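Everything numeric in this text was worked out from a predicted model, so none of it was measured.
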Number of protein chains: 2
Amino acid sequence: MTEPNDIEMAEGTRRVLDLLARKWSVGVLYLLARGTRRYSELFYEVGEVSKKALTQTLRSLERDGLVVRRVYPEVPMRVEYSLTPTGWSITSLLMSMYEWSTEHDDRLAA
Amino acid sequence: MTEPNDIEMAEGTRRVLDLLARKWSVGVLYLLARGTRRYSELFYEVGEVSKKALTQTLRSLERDGLVVRRVYPEVPMRVEYSLTPTGWSITSLLMSMYEWSTEHDDRLAA
DNA sequence: CTGTATCCAGTAGGATACTG
DNA sequence: CAGTATCCTACTGGATACAG
């Protein structure tokens with residue numbers, strides 16, 4: 001197998017970043033890492049998000065295979081979101097980034 | 001010290017992602033990880049980038065303390081870019097992301 | 001060689017109102 | 001409860017021409 005060059009590494013890395021690029025994706029993933037959550041729970045816990053943005057975030061995470069959506073057609077309706085194995089595996093990357101941020105927050109302030 | 005909650009972890013993680021959010025930031029960092037490069041070298045090696053976008057990328061990396069810019073007022077002019085210690089330290093994060101992408105590229109294709 | 005200036009298009013997300 | 005529809009703004013980057 002040939003060595004990956006800079007362009008290939010940058011492309012692979014960018015694909016990961018694109019998975020997390022939306023404003024609320026990371027917050028949603030951290031919440032779901034603690035367990036399954038309903039739409040309204042995410043809506044109230046993730047921050048000052050609009051329903052439109054939250055839905056877009058969830059749909060994009062679902063398309064990318066990080067999150068699963070389950071609908072329970074009760075009255076009132078219930079929709080639950082949870083991490084896929086892939087979604088779960090990416091949380092270790094998130095925690096590495098958080099840890100790096102704590103080691104460099106002096107620089108991030110500037 | 002108190003445990004960080006999800007919101008704090010998401011905020012720290014997002015600050016790191018914001019550092020890398022621009023389209024060409026990752027490519028530039030990978031190139032500079034191999035050593036100092038001139039503007040024109042980056043321009044030709046990083047991909048199909050416009051000069052405007054490359055300059056914006058470099059300015060933003062410089063503001064965030066990941067890159068240093070050095071000007072040599074010769075004729076013709078020479079400008080060199082290189083990683084700061086902070087910039088260097090973030091490359092290990094980039095490589096973790098690249099590695100993750102290679103382990104999940106089946107999912108990324110979908 | 002190393003950028004700036006200008007114009008233009010696509011995308012993300014906030015606010016608000018409405019729906020099955 | 002869990003969204004969708006509409007309107008609007010900000011940001012990002014490509015193309016092109018021009019400048020120190």
Inset, instruction - Could you tell me whether Glu99(A) atom CD has more than 12 heavy atoms of other residues or ligands within 6.0 Å of it? - result: no
Inset, instruction - Calculate the interatomic distance between Leu17(B) atom CG and dC11(D) atom P; express it in whole Å. - result: 19 Å
Legend entry - Asp64(A) vs Asp18(A) side-chain heavy atoms within contact, under 4.5 Å: no
Inset, instruction - Starting from P on dG14(C), measure out to CD on Glu48(A) and report it in whole angstrom. - result: 10 Å
Inset, instruction - Using modelled atom types only, decide if a donor and an acceptor are shared between the side chain of Thr91(B) and the backbone of Leu94(B) within a distance under 3.5 Å. - result: no
Inset, instruction - Using a 4.0 Å cut-off on protein heavy atoms (strictly under), produce a 5'-to-3' string for nucleotides 1-12 of chain C with B for base contact, S for backbone-only sugar-phosphate contact, and - for none. - result: SBBS-BB----S
Legend entry - Check: Tyr30(B) side chain, Glu8(A) main-chain N or O, donor-acceptor pair, under 3.5 Å: no
Inset, instruction - Rounded to the nearest angstrom, tell me the gap between atom CZ in Phe43(B) and atom P in dG13(D). - result: 15 Å
Legend entry - Stepwise salt bridge (charged side-chain N to carboxylate O under 4.0 Å, His left out) check, Glu80(B) with Arg37(B): CA-CA 6 Å; Glu80(B) 289 184 347; Arg37(B) 288 251 187 328; over 6 Å; no
Inset, instruction - Output yes when a side-chain donor or acceptor of Thr36(A) lies under 3.5 Å from a complementary backbone atom of Leu32(A), and no otherwise. - result: no
Inset, instruction - Can you tell me the distance, in whole Å, between the CZ atom of Arg37(A) and the P atom of dG3(D)? - result: 16 Å
